[in-house]
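Only one structure is covered here, and it is reproduced in the block below.
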Amino acid sequence: MLRCLNSDERRTARVAGGQDYEVRYEAKKTGKAATAVKKAVKKVGSARKRVEKRLGR
């Protein structure tokens with residue numbers, strides 16, 4: 001069943017790999033380097049759950 005997402009959930013559901021502040025936030029959150037975050041975004045796409053899974057969080 002699909003559910004509607006509010007704007008906050010849509011905004012936080014993706015990692016903007018080209019935005020330094022997004023990359024720094026995710027790097028700090030996962031304890032990984034910013035370059036690792038960028039590589040993960042390129043490899044699995046911008047979905048935050050997939051990026052975090054790829055980074056081992």
Side-chain angles (χ1 to χ4, degrees):
M1 182 171 124
L2 294 175
R3 70 180 184 100
C4 294
L5 300 175
N6 67 32
S7 63
D8 286 337
E9 289 173 319
R10 283 189 301 244
R11 193 174 319 125
T12 60
R14 302 220 173 256
V15 178
Q19 298 293 323
D20 286 338
Y21 63 91
E22 285 269 351
V23 173
R24 282 194 314 266
Y25 170 78
E26 196 62 37
K28 183 177 179 182
K29 187 170 134 184
T30 59
K32 303 290 182 177
T35 54
V37 174
K38 284 187 176 187
K39 285 180 182 179
V41 170
K42 281 191 172 198
K43 184 78 173 177
V44 298
S46 62
R48 189 171 301 276
K49 286 183 181 181
R50 289 191 310 228
V51 171
E52 288 176 354
K53 185 176 179 183
R54 176 76 181 180
L55 292 171
R57 182 163 197 275

- prompt: Would a 4.5 Å heavy-atom cut-off, applied to side chains only, mark Lys53 and Arg48 as touching?
  reply: no
statement: Residues Ala36 and Leu55: closest non-hydrogen pair is O-CD2, 3.7 Å
task: Hey, could you give me the OH/CD distance between Tyr21 and Glu26, rounded to the nearest 0.5 Å?
output: 13.0 Å
task: Provide the closest heavy-atom pair for Ala27 versus Ala33 in the form atom of the first, atom of the second, distance.
output: CB-C, 4.1 Å
- request: Indicate the atoms forming the closest heavy-atom contact of Ala16 with Val23, along with that distance.
  value: O-CG2, 4.0 Å
- prompt: How would you list all residue pairs meeting side-chain hydrogen bond (donor to acceptor under 3.5 Å, both in side chains) that involve residues 32-47, not counting sequence neighbours?
  reply: Arg14-Ser46
